[in-house]
Asks: 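The structure is given below, and queries will be raised subsequently.
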Amino acid sequence: MKRRTFITLVGGAAAAWPLAARAQQPGMPVIGLLETRSSETVADRLRAFRQGLKETGYVEGENVAIDYRWADNQPERLPELAADLVRRQVAVIAAAGGPLTAFAAKGATKTIPIVFAVPEDPVKLGLVESLARPRGNLTGVNLLNLELTAKRLELLREMVPAAARIALLVNPANSTSTQSTLREVEVAGRAMGLSIQIFNAGTSREIDVAFAAFGRQRPDAVFVSQDPFFAGRRVQLANWAVRHALPMTAGSRDICEAGGLMSYGTNIVRAD
């Protein structure tokens, strides 16, 4: 899914904001950006977001304002941050960083338009009624990361033919995506004759602990689940993978650019 599509949805939602609601907020419309990570870890995506807005006629500080809310990898803060954007009476909420932000925004308002980007089917997640007719105040894009899980495992096996034992790194705090990933990886791994061992990591310290275990147990490769937290800790992950000489695959391109072996998934930053 192209980044341009997501930006167009945000711009369209802002343009469709009811005139009565606009009258309550003088000056330029405000986009509320809700993110589970910190601004430092998504700097490249933030630049792409602003550029995409510019391409659709919206320039921050000129004809639109952006009100940022960062959870700093503390997902429990998302509901209050979303509620704060609602109190701010923003024109639209851009829920970035996966299902957790989308659900937090959905729980905070039934009237303000919400645009999300999630790694799997939003109908299955329960965010919208259908793809053709989402209804309600939510719309967005499926980045198809879950659908590509089995293919990513297959490509890893092709690049490392001797791999038989795969360490799967998941974030337990993101239970929805984690359960889906576990299901997909276990089915695909069984079909390929791979042994899958699951490791949980929801903090920087837990990533260190997981890789210390990798150093002792020596899996043949590491499969990083698609999760905003891991994308934000890409340098840490890449450094550990290099230190232990472990082939590592991720769905996020930026993890690969930081030093992982390979990635296969949606390129969120590029427009085409």
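In this chain, numbering begins with 1 at the start of the sequence shown.
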Asks: Is the backbone of T41 close enough, under 3.5 Å, to the side chain of R234 for a donor and an acceptor to pair up by distance?
Replies: yes
Asks: Under the side chain to side chain donor-acceptor pair (under 3.5 Å) rule, what do Q217 and Q197 come out as? Steps first, then yes or no, please.
Replies: CA-CA 10 Å; Q217 300 177 23; Q197 187 170 3; 3.1 Å; yes
Asks: Looking at F229 and A201, what are the two nearest heavy atoms and their distance?
Replies: CE2-O, 3.8 Å
Asks: Tell me whether the rings of F211 and F214 are parallel (<30°), tilted (30 to 60°) or perpendicular (>60°).
Replies: perpendicular
Asks: Is there a donor-acceptor contact under 3.5 Å from the side chain of N137 to the main chain of I112?
Replies: yes
Asks: Would a distance-only check, ignoring hydrogens and angles, find a side-chain to backbone donor-acceptor pair under 3.5 Å from R157 to M192?
Replies: yes
Asks: So which atom in S38 and which in D72 form the shortest heavy-atom distance, rounded to 0.1 Å?
Replies: CB-OD1, 3.2 Å
Asks: Any pair with a residue in residues 132-159 that passes ring pair (Phe, Tyr, Trp, His ring centres under 6.0 Å), sequence neighbours left out, goes on the list, sorted by first then second residue, please.
Replies: none
Asks: How close do L169 and A210 get, counting heavy atoms only, and between which atoms?
Replies: CD1-CB, 3.9 Å
Asks: Between R253 and E257, does the salt bridge (Lys or Arg N to Asp or Glu O under 4.0 Å) criterion hold? Intermediate values first, please.
Replies: CA-CA 6 Å; R253 180 190 181 99; E257 291 175 341; 2.9 Å; yes
Asks: Using modelled atom types only, decide if a donor and an acceptor are shared between the side chain of R88 and the backbone of A83 within a distance under 3.5 Å.
Replies: no
Asks: Does the side chain of V170 come within less than 4.5 Å of L168's, by heavy atoms?
Replies: yes
Asks: Check each of V128, L127, V123 against P134 using the side-chain contact (heavy atoms from CB on, under 4.5 Å) test, and report the only one that passes.
Replies: V128
Asks: So which heavy atom on V118 is nearest to which on G98, and how close?
Replies: CG1-C, 4.1 Å
Asks: Within the distance-only criterion (no hydrogens, no angle test), does the side chain of S225 pair as donor or acceptor with the backbone N or O of T181 below 3.5 angstrom?
Replies: no
Asks: Work out which heavy atom in D67 is nearest to a heavy atom in L85; give both atom names and the distance.
Replies: O-CD2, 3.8 Å
Asks: Taking T56 for its side chain and L53 for its backbone only, find out whether a donor-acceptor pair lies under 3.5 Å.
Replies: yes
Asks: Would you say L78 and T36 make side-chain contact, with heavy atoms under 4.5 Å?
Replies: yes
Asks: Only counting residues at least two apart or in another chain, list the ones meeting salt bridge (Lys or Arg N to Asp or Glu O under 4.0 Å) with R37.
Replies: E35
Asks: For G202, is there any backbone N or O sitting under 3.5 Å from a side-chain donor or acceptor partner on E206?
Replies: yes
Asks: Quick check against the 3.5 Å criterion: does T249 have a side-chain atom that pairs as donor or acceptor with the backbone of S263?
Replies: no
Asks: Which heavy-atom pair separates R152 from V224 by the least distance, and what is that distance?
Replies: NH1-O, 3.1 Å
Asks: Scan side-chain atoms only and decide if N142 and E147 contain a donor-acceptor pair under the 3.5 Å cut-off.
Replies: yes
Asks: By salt bridge (Lys or Arg N to Asp or Glu O under 4.0 Å), which residues pair with E80, not counting sequence neighbours?
Replies: R87
Asks: Within the 4.5 Å heavy-atom criterion, are V64 and I31 side-chain neighbours or not?
Replies: yes
Asks: Could you verify whether a donor N or O on one side chain and an acceptor N or O on the other, from Q236 and S204, lie under 3.5 Å apart?
Replies: yes
